Every structure is written in C-alpha cells, then in structure tokens.
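Written out below as structure tokens is the structure these notes cover.
Source: prediction; values computed, not measured. Here is how names work: the chains are called A, B, and so on, in the same order as the sequence lines, proteins then strands, and each is numbered from 1.
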Amino acid sequence: MSIMKNIVYIRMRHRIQVKENHRIRVKDVARIIASKEQTHRLEEIPVYTVTKQDQNTIVIDCMAVISAIRKYEKDLEIQPIGPAQTIVEVIYRIRKPSMILFFLAWLVLFIGSAITIMNFHEDVSMQKVQQKLYFLLTGIKEDKPLIFQIPYSFGLGLGMVLFFNHVFKKRFNEEPSPLEVEMNNYQQAVDQYIIMHENKESVKKIYD
Amino acid sequence: MIKMLGVVIVSLSAGVAVGGGFVAFITVLGIIPRMMQLTKTARKIVLYEAAVIFGAIFGSYVSLFEPQFSIPPIFLLAIGLCYGIFVGSLAAALTEVLNVFPILAKRIHLEEKIIYLIGAVVFGKICGSLFHWLYFITL
C-alpha cells in the first residue's frame with residue numbers, strides 16, 4: 001500500500017490556449033491522479049513561462065512536466081498515460097474575425113462556384129444532352145427544356161446541402177458531416193506537424 | 001468473322017475500363033456511403049450498387065440506341081431534380097476532396113461561420129445554373 005501511494009498518473013492534454021506571459025503550471029497541461037493532498041500540490045508546480053520569443057505555439061513535452069515535478073518531489077513514481085505532449089497555443093489578443101474578409105471570401109466562393117458550374121455545363125455540352133434527352137423521353141422537340149433544367153438547378157443546391165448535411169442535421173442523424181470530419185483531419189495533420197517540428201526546439205529551450 | 005471478334009474484344013475492353021473508372025470515381029468521392037448514412041440504409045448496399053450499375057447501363061442504352069419514349073413532360077420535373085441532386089453531391093464531394101473549406105476557414109479565422117461559406121457555394125451553384133439555362137444559352 002505504501003508503494004501505491006507514491007504513484008502519480010499523468011495524462012497530457014491535447015491542446016490548450018494560454019495568454020501571453022502566462023506561467024504554465026502542471027494543471028494547465030496535464031490531468032493527474034495522485035493522493036488527495038499530493039494532487040493539489042503537484043498541480044501548482046510551474047512547468048514553463050511563456051515569453052515573447054515563443055510566438056504562437058509551444059509544445060510542452062511530457063518529459064518536461066516530469067522533470068518539473070521531480071524538482072519538487074523526488075521519490076514519486078510518475079506514470080504517463082496517453083499523449084506524450086501538449087500543444088500550447090499562445091493568444092496575444094483575442095482576434096475577432098474580420099467581417100470584410102468574410103464578405104470577400106463569401107463573394108469569391110459565390111461568384112466562383114456560379115461560373116464554374118456554367119463552365120462545367122458548357123464543357124460537357126449539357127444543353128445538347130438535355131435537349132436530346134428531353135426529345136427521347138417525351139417525344140417533343142424543345143430547344144429550352146426548362147421543365148427539366150430548373151428542377152435540375154435546384155437539385156444541384158439540394159445535393160450539396162445533403163452532402164454537407166448542415167440544414168437537415170437534426171432531422172436525419174447526429175453523425176458528423178464529411179466536412180466536419182475533414183476539418184478534424186486537417187486540424188490533426190496540423191497538430192502532428194507542430195508536434196514534430198516545434199517539439200525539438202521547445203525541449204532545447206527548457207534545458208538551455 | 002475475325003474482324004468482328006476483334007471489334008468485340010476491343011469494345012468490351014473499352015467498356016470494362018470506362019465502367020471501372022466510373023465506379024472508382026464514384027467510390028473515391030464517397031457519394032453512396034453518404035446517401036446510406038443519411039438514409040440509415042447501409043444494409044442495402046447491394047441494391048445501391050445495382051442502382052448505379054443499372055443506371056449506367058440504361059444510360060448507355062439511351063444514348064446509343066436512342067429509343068423513343070413518350071413520358072408527359074411534367075415527370076421531367078422529378079427526373080431533373082434527381083439529376084441535379086446527383087450532380088450537386090458530385091460537386092460537393094469534389095470541393096470536399098480538395099479541402100477548400102477547412103483551409104479557407106482557418107486562414108480567415110472563421111471556423112464558426114463555415115456554414116455561411118457553404119451557403120455561398122450552394123447559392124452560387126443554383127444562381128449560376130439558373131442564369132445559364134434561362135439567359136446565357138439564348139445569347
């Protein structure tokens with residue numbers, strides 16, 4: 001039982017946000033399980049202080065946390081569980097999304113997708129295909145088969161909405177849409193990159 | 001006779017290549033899984049495959065043999081809508097494969113407003129398509 005008491009389980013958080021000049025303590029970067037009186041003491045141990053040179057992201061390695069704890073508590077057995085590091089995002093000022101930028105992006109997407117769909121129609125000679133199809137299906141010659149084309153146009157939008165599943169989310173199911181999965185994949189790829197490329201530097205900084 | 005056999009072999013090979021390519025394209029874009037996910041009918045996967053295969057065969061039949069039907073034009077509303085939904089999913093899937101939204105939203109710090117960006121693309125497609133059929137082709 002006495003051995004059990006000295007084991008500390010430590011699990012690094014995945015990603016945290018801190019303010020400038022923040023003194024990162026163990027409780028910020030990790031969750032720990034230890035005996036009641038120890039937990040509180042260990043959580044307050046400082047690990048790292050954010051400085052201007054750190055810029056936007058720092059990676060705090062599990063090793064750094066362990067060595068910080070060991071400075072204060074020599075004979076603890078520390079058991080790390082889960083991710084080996086925490087990505088620390090330094091927020092210098094709360095950035096408000098710019099409405100102008102948003103509007104511009106909106107306009108680019110709107111005009112861009114409108115013109116690409118027109119180019120696509122021309123590219124695959126959709127007008128000719130639809131005229132021919134209209135004739136084959138109904139037996140009537142029609143230069144502008146609008147009864148075919150207008151539902152097509154609205155279906156185009158409906159198909160995109162269904163694919164991204166935002167509007168009908170509550171009605172169909174709670175599963176994430178492909179876009180949400182894609183956003184998550186992208187974020188994970190970025191995190192992976194940061195872990196690989198920022199980690200060496202930040203570990204070196206702590207020890208020098 | 002030999003010539004005919006040669007033609008059959010060549011056209012059969014061409015058909016296999018095109019059919020394989022078509023299925024591969026649909027699969028990569030993940031439209032069928034998406035439809036199954038939305039309708040919660042993943043167990044009917046075989047029927048969905050059949051739908052795509054028969055659709056492709058029927059399409060080749062119509063375009064090669066040019067049979068004459070006399071469906072009342074009003075039914076083309078439904079056919080046109082299905083046609084549009086399919087092309088729309090195709091376009092959405094392509095945008096998604098190319099990772100446009102995640103990168104754009106991150107660049108301009110708009111992770112929460114991404115739905116409006118999707119809205120821009122959706123309205124853009126509808127407007128562009130209507131403009132094309134109603135006005136552009138008459139020029």
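Phe110(A) and Trp106(A) have parallel rings, their planes meeting at less than 30° on a 0 to 90° scale where 60° marks the start of perpendicular. Using cut-offs of 30° and 60° on the angle between ring planes, the pair Trp133(B) and His121(A) is parallel.
Of all non-hydrogen atoms in Leu156(A) and Lys125(B), the two that sit nearest each other are CD2-O, 3.9 Å. Taking each heavy atom of Ile32(A) and Thr39(A) in turn, the nearest pair found is CD1-O, 3.9 Å. The shortest heavy-atom contact between Val50(A) and Val18(A) is CG2-CG2, 4.0 Å. Summarising the geometry of Ala68(A) relative to Ile45(A), their closest heavy-atom pair is O-CG2, 3.7 Å, with the distance given to 0.1 Å. Met160(A) approaches Gly88(B) most closely through the heavy-atom pair CG-O, 3.2 Å. For the residue pair Val124(A) and Val129(A), the shortest heavy atom distance occurs at O-CG2, 4.1 Å.
Residue contact with chain B, scored on non-hydrogen atoms closer than 4.5 Å, involves the side chain of Gln187(A) exclusively. With a threshold of 4.5 angstrom between heavy atoms, Ile137(B) approaches chain A through side-chain atoms but not through N, CA, C or O. Contacts of Tyr186(A) with chain B are made by side-chain atoms alone, with heavy-atom separations under 4.5 Å and no backbone atom involved. For chain A, the nearby part of Phe136(B) is the side chain; its heavy atoms alone come within less than 4.5 Å. For Leu107(A), no part lies under 4.5 angstrom from a heavy atom of chain B. Heavy-atom distances place both the backbone and the side chain of Phe135(A) under 4.5 Å from chain B. Neither the backbone nor the side chain of Leu94(B) has a heavy atom closer than 4.5 Å to any heavy atom of chain A. Proximity to chain A (any heavy atom under 4.5 Å) is shown, for Ala78(B), by neither the backbone nor the side chain. If you measure heavy-atom distances from Ile111(A) to chain B, you find no contacts under 4.5 Å at all. Contacts between Phe75(B) and chain A at a heavy-atom distance below 4.5 Å are absent for every atom of the residue.
Per-residue counts of heavy-atom pairs under 4.5 Å with chain A were compared for Ile79(B), Val87(B), Ile31(B); the largest is that of Val87(B). Options Tyr134(A), Phe154(A), Phe102(A) differ in how many heavy-atom pairs under 4.5 Å they form with chain B, and the most are formed by Phe102(A). Considering only heavy-atom pairs separated by less than 4.5 Å from chain B, the leading option among Leu109(A), Asp143(A), Leu137(A) is Leu137(A). Taking chain A as the reference chain and counting heavy-atom pairs below 4.5 Å, the highest number among Val62(B), Leu90(B), Val122(B) is found for Val122(B). The candidate from Ser63(B), Ser70(B), Gly84(B) with the greatest count of non-hydrogen atom pairs under 4.5 Å with chain A is Gly84(B). The greatest number of non-hydrogen atom pairs below 4.5 Å with chain B, out of Ile117(A), Val108(A), Thr138(A), is found for Thr138(A). Of the listed residues (Cys127(B), Gly30(B), Ser89(B)), the greatest number of heavy-atom pairs within a distance under 4.5 Å of chain A belongs to Ser89(B).
Within residues 45-55 of chain B, no residue approaches chain A closer than 4.5 Å by heavy atoms.
Note that CZ of Arg11(A) is 10.5 Å distant from OG1 of Thr86(A), once rounded to the nearest 0.5 Å. In this structure, Ile140(A) CD1 and Ile147(A) CD1 are separated by 9.0 Å, a value rounded to the nearest 0.5 Å.
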Evaluate the criterion side-chain contact (heavy atoms from CB on, under 4.5 Å) for residue pair Tyr48(A) and Val29(A); output intermediate values, then yes/no. CA-CA 10 Å; Tyr48(A) 186 74; Val29(A) 288; over 6 Å; no

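The only option from His22(A), Gln17(A), Arg23(A), Arg13(A) that meets the side-chain hydrogen bond (donor to acceptor under 3.5 Å, both in side chains) definition with Asp28(A) turns out to be His22(A).
Atom CZ of Phe69(B) sits in a crowded spot, with more than 12 heavy atoms from other residues, nucleotides or ligands closer than 6.0 Å.
Between the side chains of His132(B) and Glu122(A), at least one donor N or O lies within less than 3.5 Å of an accepting N or O.
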